[in-house]
2 protein chains.
Amino acid sequence: MSPRQSSRKSEGSDKVGTICRALRRAIIEQALEPGAKLPEDALGERFGVSRTIARHALGQLAAEGLVELRRNRIAVVATPSWQEARDAFDIRIELERLVVRQLAGRLSKNQIATLKTHVDAEDAARNGPDAVSIRLATEFHILLAQMTNSPILVRYVSEVAYRCCLTLSMFSRPHSSECAINEHRQLIAALAAGDEAKVMALMHTHLDSVASRALVTPAPPRGRDLLDILAPYADEEDNEPAAKPAKSARVRTAAE
Amino acid sequence: MSPRQSSRKSEGSDKVGTICRALRRAIIEQALEPGAKLPEDALGERFGVSRTIARHALGQLAAEGLVELRRNRIAVVATPSWQEARDAFDIRIELERLVVRQLAGRLSKNQIATLKTHVDAEDAARNGPDAVSIRLATEFHILLAQMTNSPILVRYVSEVAYRCCLTLSMFSRPHSSECAINEHRQLIAALAAGDEAKVMALMHTHLDSVASRALVTPAPPRGRDLLDILAPYADEEDNEPAAKPAKSARVRTAAE
DNA sequence: TCCGAAAAAAGTGCATGCATTTGAGGCGCA
DNA sequence: TGCGCCTCAAATGCATGCACTTTTTTCGGA
């Protein structure tokens, strides 16, 4: 049912990509909050595709860290812990410093104009809904990354920026982004001037202030995961060298 | 055949993950070279699963940048350009500096012992096949990342390290890794001493030297792909090409 | 012999079906 | 009222089938 097929012959499709983009956007605009359920059926029906495709899209988003996938359970929007959010911001700072370092003094007039136009759009949306402001602010950073012409950098900056957006949903209170807009303008000016050191410092303080505004709670609001709380205690080594598992000292992660 | 199931009772399955791990390993050990074809059927048969699963696994690896996926075409192992390789190393340097910054002076005795054991293993494999040396060297860096206990950092470092391995396959000649092993030992010592600045500098120069040994050819070596050779000529676009090509004559302009 | 077009083969894109698992309600029992 | 067991709807895990696209092979004609 719902044949949704435009029955175009060469239909560029990329249905998976479409779903991913839609969900990403919904997530960063906080239409989908952390913990929101994402059943495959519902997604498939909503986008007019089968569960197979919806599932694939969820897999991709999980690889980006925006979605949590647990076996035999409904996928949910990721709920990063406070520490994970902090880590994401730390990584983001380094990556974006790299971006502006590559960009300083190398932007064309066109590119600078593009950036200015974008910030103007941010300004115009200042009194609109928070969701739009947040999205535009994030897109400014992604725009910068794209100008490096480095696909890898674009991907990582985008991913980590989206993840940081997620943390805004979780820990931040009603956003006030005027200062951020101003900082964006300063960044553009420094980029145009080609002052590498200054632009890197600006980016650093900019993201740092965003982070500290976002992560208002100094203490981890943990309790999310018992294992996490117990981690420091489990670590205490009473000499049991490599007798057993190679990397016994690690408690969690299990990323391997 | 080759059911491969360890038939442990609750068998967490995770067939997709199994395939991903196997392929990643095959890629970094250069058993699968860049450009190698990865047909869904073949993978499915090899791992005893259906195409659906193999396809999903390929999707994940594509998200990590290890595999290239083109519509209606057989998936292939990614063939990063020289510039992409350079970008990957730049990112890697920043990420790993972050790793050792977090780790300096904070490692338990057990962890340091684990690291030393690993480097010993690298040493033992020094005269073995290159593939193993490369894998062990990469795993040393991933091991470090895991000790930060930051899942995000682990993911990014792993990904980018794998991508850098890929570039070894493409641009490097027979590896000689003795010095790298020595540098690993120095890193461990500095980490144990807790000298943050020194350990960051060490990591920087270590990766820099790996990169320059890997990326021996200043210009894209030889087109394994005709399209690649012709790219500069096909580009044209005389209208104001961005003042100055950012740090390279990049031809693709793919971003955006 | 060489070239180009048509047919066959191989491969991907996607939906659907069935088995399995989870989780929520219902029911009995104290 | 509260607690535990059972049952069933809902959702996932995965294989398979069919349509479509790309690649390879075949084959007739110059």
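- Taking B:Q60 as the reference, nothing meets the side-chain hydrogen bond (donor to acceptor under 3.5 Å, both in side chains) condition, with sequence neighbours excluded.
- Scanning for side-chain hydrogen bond (donor to acceptor under 3.5 Å, both in side chains) contacts around B:R92 gives B:E96, with sequence neighbours left out.
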Review point. Where along nucleotides 8-14 of chain C does protein come under 4.0 Å, by heavy atom, of base (B) or sugar-phosphate alone (S), with - for untouched nucleotides?
Key: ---SBBB
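- For the side-chain hydrogen bond (donor to acceptor under 3.5 Å, both in side chains) test, residues two or more places apart in sequence or in another chain that qualify with B:E40 are B:R51, B:R55.
- If you measure from atom CD of A:E45 to atom C1' of C:dA15, you get 15 Å, rounded to the nearest angstrom.
- Under the salt bridge (charged side-chain N to carboxylate O under 4.0 Å, His left out) criterion, the residue pairs touching residues 137-150 of chain A are A:R135-A:E139, with sequence neighbours excluded.
- Residues meeting the side-chain hydrogen bond (donor to acceptor under 3.5 Å, both in side chains) test with A:E94, sequence neighbours left out: none.
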